[in-house]
Amino acid sequence: MKRVITYGTFDLLHYGHINLLKRAKQFGDYLIVGLSTDEFNMIKGKKSYFCFEQRKTLLDAIKYVDQVIPENTWDQKIYDIKTHNIDIFVMGDDWKGYFDFLKEYCKVVYLPRTPEISTSKIKLDLKM
Ligand code: C2G
């Protein structure tokens, strides 16, 4: 049973997020998503349109996602990898290199982002 983890805010859920989650799940049998809390978003400098519970409702409905846990800090990944027996850590390649320190604990994979779509682009386009 290969266990995969990824992290993110996943605000205004779009097909770029789904593509990432779909590909992440293909690396194993069980996918955990560390979903950024509203408080952690503040630390990341992000204000999400949907609150944590609303974003969690959306992620829980995705067939690729098996479990959603809160992401409260930058520093919880090693603990999460150990406590959830993670085999593979997956992130979009906008994060390439940032999480290489996790290679000591599990496989680290950076996947190409889906071009042209982002939450900030959606917000910008809707303002027009
Ligand atoms: N993503 C993607 N293609 C897009 C947009 C996003 O593949 N067009 C991926 C990102 O690379 C990330 C995931 O979808 O792996 C979630 O994106 P965000 O919600 O923007 O995540 P972020 O705010 O970067 O949070 O500790 C890690 C952070 O919590 C990551």
Side-chain angles (χ1 to χ4, degrees):
M1 167 98 147
K2 278 225 179 296
R3 298 167 62 84
V4 187
I5 198 166
T6 189
Y7 293 82
T9 297
F10 295 97
D11 191 29
L12 296 182
L13 195 68
H14 56 69
Y15 62 90
H17 295 136
I18 301 299
N19 283 342
L20 188 283
L21 295 168
K22 180 177 183 178
R23 287 175 294 159
K25 181 60 177 281
Q26 287 167 347
F27 282 92
D29 314 281
Y30 193 88
L31 174 61
I32 298 176
V33 178
L35 182 61
S36 307
T37 59
D38 299 327
E39 296 73 17
F40 183 51
N41 273 337
M42 303 271 278
I43 296 169
K44 293 202 295 189
K46 280 189 154 184
K47 170 101 183 66
S48 59
Y49 179 80
F50 291 128
C51 70
F52 176 82
E53 282 312 319
Q54 291 164 332
R55 289 180 284 119
K56 183 178 184 300
T57 299
L58 289 162
L59 282 184
D60 283 338
I62 298 169
K63 65 180 180 181
Y64 308 116
V65 177
D66 297 290
Q67 184 180 0
V68 178
I69 61 172
E71 181 187 28
N72 295 296
T73 72
W74 289 113
D75 313 319
Q76 70 183 71
K77 293 184 176 67
I78 294 173
Y79 174 82
D80 290 345
I81 287 165
K82 287 180 178 172
T83 49
H84 293 281
N85 303 311
I86 298 298
D87 301 291
I88 304 150
F89 168 91
V90 177
M91 284 302 292
D93 62 3
D94 47 321
W95 290 96
K96 192 166 177 57
Y98 281 83
F99 301 114
D100 289 357
F101 67 94
L102 296 175
K103 285 179 178 171
E104 200 179 324
Y105 306 95
C106 66
K107 187 173 172 196
V108 174
V109 176
Y110 300 103
L111 297 173
R113 273 175 72 94
T114 302
E116 294 115 37
I117 184 72
S118 68
T119 302
S120 29
K121 180 177 181 343
I122 294 169
K123 286 179 179 174
L124 208 64
D125 291 353
L126 289 178
K127 277 210 177 74
M128 290 177 179

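First listed ligand is number 1; within each ligand, the first listed atom is number 1. Here the structure is a predicted model, which is why all the values come from computation and not from measurement.
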Enquirer: Check each atom of ligand 1 against the heavy atoms of D94 and keep those under 4.0 Å away; list them by number with element.
Expert: 10 (C), 11 (O)
Enquirer: For ligand 1, which atoms, with element, lie under 4.0 Å from some heavy atom of K77?
Expert: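 Near K77, meaning under 4.0 Å from one of its heavy atoms, ligand 1 has 26 (O), 27 (C).
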Enquirer: Counting non-hydrogen protein atoms only, what is the nearest one to atom 6 (C) of ligand 1? Give residue, atom name and distance.
Expert: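 Result for atom 6 (C) of ligand 1: R113 NH1, 3.6 Å.
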Enquirer: Out of T119, L21, T114, who is nearest to atom 3 (N) of ligand 1 when you count heavy atoms only?
Expert: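 Of the listed residues, T114 has the closest heavy atom.
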Enquirer: Check ligand 1 against F10 and write out every atom of the ligand that is under 4.0 Å from a heavy-atom position of the residue.
Expert: 16 (C), 19 (O)
Enquirer: Please state which protein non-hydrogen atom is closest to atom 9 (C) of ligand 1 and give its distance, to 0.1 Å?
Expert: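 Nearest protein contact, heavy atoms only, for atom 9 (C) of ligand 1 is L20 CG, 3.9 Å.
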Enquirer: May I ask you to list the atoms of ligand 1 that are less than 4.0 angstrom from any heavy atom of G8?
Expert: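 Those atoms are 19 (O), 21 (O), 25 (O), 29 (O), 30 (C).
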Enquirer: Please determine which of I5, T6, V109, D80 meets the side chain to side chain contact (heavy atoms under 4.5 Å, CB included) test together with F89.
Expert: I5
Enquirer: To check your reading of the model: name the closest protein heavy atom to atom 29 (O) of ligand 1, its residue, and the distance in Å.
Expert: E71 OE1, 2.7 Å
Enquirer: Just so I know, are the side chains of Q26 and V90 near enough to count as touching, which here means a heavy-atom distance under 4.5 Å?
Expert: no
Enquirer: Taking only non-hydrogen atoms of E116, do any sit less than 4.0 angstrom from ligand 1?
Expert: no
Enquirer: Run down the list M91, K46, Q76 and name the one with the heavy atom closest to atom 22 (P) of ligand 1.
Expert: K46
Enquirer: Give the atoms of ligand 1, by number and element, whose distance to some non-hydrogen atom of W95 is under 4.0 Å.
Expert: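 Listed by number with element, the hits are 24 (O), 30 (C).
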Enquirer: What atoms of ligand 1 come closer than 4.0 angstrom to any heavy atom of G92?
Expert: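 Here the atoms of ligand 1 in question are 11 (O), 15 (O).
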Enquirer: Compute the minimum heavy-atom distance from S36 to ligand 1 and say whether it is under 4.0 Å.
Expert: yes
Enquirer: Are there over 12 heavy-atom neighbours, none belonging to F101, within less than 6.0 Å of that residue's CZ?
Expert: yes
Enquirer: Under 4.0 Å from any heavy atom of I117, which atoms of ligand 1 are there?
Expert: 4 (C), 8 (N)
Enquirer: Within 45° of the six-membered ring axis of Y49 and under 6.0 Å from that ring's centre, is NZ or CZ of K123 located there?
Expert: no
Enquirer: Between atom NZ of K22 and atom CD1 of I62, what is the distance when rounded to the nearest 0.5 Å?
Expert: 12.5 Å
Enquirer: Is it the side chain (CB and beyond), the backbone, both or neither of T9 that lies under 4.0 Å from ligand 1, heavy atoms counted?
Expert: both
Enquirer: Considering only the protein, which heavy-atom contact is closest to atom 28 (C) of ligand 1, and what is its distance?
Expert: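 Ranking protein heavy atoms by distance from atom 28 (C) of ligand 1, first comes K44 NZ, 3.5 Å.
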Enquirer: Indicate whether any N or O donor in one side chain lies under 3.5 Å from an N or O acceptor in the other, for T119 and D11.
Expert: no
Enquirer: Nearest 0.5 Å, what's the CG-CZ distance between D38 and R55?
Expert: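 The CZ atom of R55 is 5.0 Å from CG of D38, to the nearest 0.5 Å.
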Enquirer: Just to verify, which of Q67, K2, R3 counts as forming a side chain to side chain donor-acceptor pair (under 3.5 Å) with Y30?
Expert: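 Among Q67, K2, R3, the one meeting side chain to side chain donor-acceptor pair (under 3.5 Å) with Y30 is Q67.
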Enquirer: Atom NZ of residue position K44 - does it have more than 12 heavy atoms of other residues, nucleotides or ligands inside 6.0 Å?
Expert: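 Yes.
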Enquirer: Hey, could you give me the CD1/CD1 distance between I78 and I86, rounded to the nearest 0.5 Å?
Expert: 13.5 Å
